[in-house]
Amino acid sequence: MHNHELTYDQASGLRRMKQRMVKVIAVTGGKGGVGKTNVTLNLAMAMAQMGKKVLVLDADLGLANCDVMLGLRVERNLSHVLSGEAELDDILVTGPFGIKIVPATSGTQSMTELSPAEHAGLIRAFSELKTSFDVLLVDTAAGISDMVLSFSRASQDVLVVVCDEPSSITDAYALMKILSREHAVQKFKIVANMVRSLKEGQELFAKLSRVTDRFLDVTLELVATIPFDENVRKAARKQKAFIEAFPKTPASLAVKTLATRAVQWPVPPSASGHLEFFLEQLVQPQHEPRGMA
């Protein structure tokens with residue numbers, strides 16, 4: 001079966017399924033080191049504390065961050081689902097506050113290298129998921145790969161985590177450029193992470209906006225300013241999320257504010273609010289690159 005036939009077959013299968021409304025948020029941000037996974041996990045827990053059923057997909061399959069960061073025991077991971085040895089429901093790990101995590105394949109193979117058949121297997125696994133949830137948070141891999149672009153393009157909201165370093169700003173810009181020019185993503189929600197003050201967060205956002213306003217046709221919104229906080233590091237040493245270890249610390253309060261906002265972002269009542277639409281979007285053929293500016 002050719003790739004396009006495989007895509008068509010998956011898409012038509014998905015359309016026959018029961019439609020499930022799910023808020024899908026991709027958390028992304030250029031290269032590593034900006035605190036993307038930390039933001040993802042703590043945001044998931046903050047939303048769970050508000051009564052939402054949250055599923056976290058650790059799409060950074062080469063690193064398998066989520067389970068390692070929380071010290072969770074993982075018996076089986078996504079590679080067992082892709083090989084047909086397990087269903088997705090069987091491998092979900094329950095984290096703090098009842099969040100569910102899809103554990104990644106811990107260093108054996110990056111999701112960015114999935115073959116078309118494995119990619120199809122991933123989509124099928126999600127479409128057959130019996131566990132219901134309100135929010136799917138996708139912790140994308142670092143850098144700009146096809147998989148990062150696929151997940152970001154298919155999500156309803158794209159959170160871009162940036163910190164006040166030239167390389168982080170350059171990376172965020174490069175990612176937004178490709179997503180806007182080649183994948184029709186026009187809106188980005190910016191999280192200024194590890195900033196020394198609210199003012200620094202606003203200045204960081206202004207820096208990024210100046211470049212995007214000049215060269216890209218996109219809309220940016222500053223949705224969170226998360227302060228640099230020593231307790232984040234202390235929590236990591238305990239293999240705990242900072243929102244669990246230090247619920248009243250400034251970083252936790254900032255993430256809770258973000259969660260309050262995020263649960264109010266509308267889920268489109270149209271097809272794009274359905275989990276199936278998200279999965280279909282993942283398997284759409286990529287647009288042809290239109291030359292790099």
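Values in this document were obtained by computation on a predicted structure and should not be read as measured data. For the numbers below, each heavy atom of this structure counts, side chains included, while hydrogens, waters and symmetry mates do not.
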Taking the side chain as everything from C-beta on, heavy atoms only, tell me whether [X] gets closer than 4.5 Å to [Y].
| X | Y | value |
| --- | --- | --- |
| Leu55 | Leu129 | yes |
| Leu88 | Leu78 | yes |
| Val102 | Leu92 | yes |
| Val218 | Phe188 | yes |
| Leu216 | Arg181 | yes |
| Ile226 | Val195 | no |
| Met176 | Ile190 | yes |
| Lys52 | Val263 | yes |

Of all heavy-atom pairs between [X] and [Y], which one has the smallest distance, and what is that distance?
| X | Y | value |
| --- | --- | --- |
| Pro103 | Val93 | CG-CG2, 3.7 Å |
| Asp134 | Gly51 | OD2-O, 4.3 Å |
| Gly201 | Thr225 | CA-CG2, 3.9 Å |
| Ala44 | Ile99 | O-CG2, 3.6 Å |
| His80 | Ser83 | O-OG, 3.2 Å |
| Val54 | Ala48 | CG2-N, 4.0 Å |

Checklist entry - Run the side-chain contact (heavy atoms from CB on, under 4.5 Å) check on Val223 and Val191 step by step: do they pass? => result CA-CA 6 Å; Val223 293; Val191 175; 4.0 Å; yes
Residues two or more places apart in sequence or in another chain: which of them pass side-chain hydrogen bond (donor to acceptor under 3.5 Å, both in side chains) with [X]?
| X | value |
| --- | --- |
| Lys100 | Thr94 |
| Lys189 | Asp157 |
| Gln264 | none |
| Thr212 | none |

Checklist entry - In the hydrophobic clustering (ILVMFWY, side-chain contacts below 4.5 Å, transitive), which residues join Met194, or is it alone? => result Phe228
Closer than 3.5 angstrom, by distance alone: can the side chain of [X] be matched with the main-chain N or O of [Y] as a donor-acceptor pair?
| X | Y | answer |
| --- | --- | --- |
| Asn193 | Cys163 | no |
| His183 | Ser180 | no |
| Glu75 | Ile91 | no |
| Lys256 | Pro247 | yes |
| Ser152 | Leu149 | no |

Next on the checklist: Among Asn38, Ile243, Leu137, Asp139, which residue satisfies the side chain to side chain contact (heavy atoms under 4.5 Å, CB included) criterion with Leu43?
Outcome noted: Leu137
Next on the checklist: Under the side chain to side chain contact (heavy atoms under 4.5 Å, CB included) test against Phe151, which residue among Thr28, Leu57, Val158 passes?
Outcome noted: Leu57
Roughly how far apart are [X] [atom1] and [Y] [atom2], rounded to 0.5 Å?
| X | Y | atom1 | atom2 | value |
| --- | --- | --- | --- | --- |
| Leu222 | Ser209 | CG | OG | 8.0 Å |
| Phe97 | Leu41 | CZ | CG | 12.0 Å |
| Met45 | Ser252 | CE | OG | 10.5 Å |
| Tyr173 | Asp171 | OH | CG | 13.0 Å |
| Gln49 | Thr260 | CD | OG1 | 10.0 Å |
| Met47 | Leu258 | CE | CG | 8.0 Å |

How would you list all residue pairs meeting salt bridge (Lys or Arg N to Asp or Glu O under 4.0 Å) that involve [range], not counting sequence neighbours?
| range | result |
| --- | --- |
| residues 81-96 | Glu87-Lys130 |
| residues 233-249 | none |
| residues 199-215 | Asp164-Lys207, Lys199-Glu203 |

Checklist entry - Under the side-chain contact (heavy atoms from CB on, under 4.5 Å) criterion, do Gln156 and Lys23 qualify, and how do the steps go? => result CA-CA 7 Å; Gln156 297 149 19; Lys23 184 189 293 292; 4.0 Å; yes
Please list, chain by chain and in numerical order, all residues satisfying side-chain contact (heavy atoms from CB on, under 4.5 Å) with [X], sequence neighbours excluded.
| X | result |
| --- | --- |
| Ala235 | Phe242, Ala245, Phe246 |
| Leu253 | none |
| Pro250 | Pro227, Asp229 |
| Ser155 | Val24, Ala26, Phe278 |

Checklist entry - Shared ILVMFWY cluster between Leu208 and Phe215, side chains joined below 4.5 angstrom? => result yes
Item to check | same_hphob_cluster(Leu198, Val161) at 4.5 Å side-chain heavy-atom cutoff | outcome: no
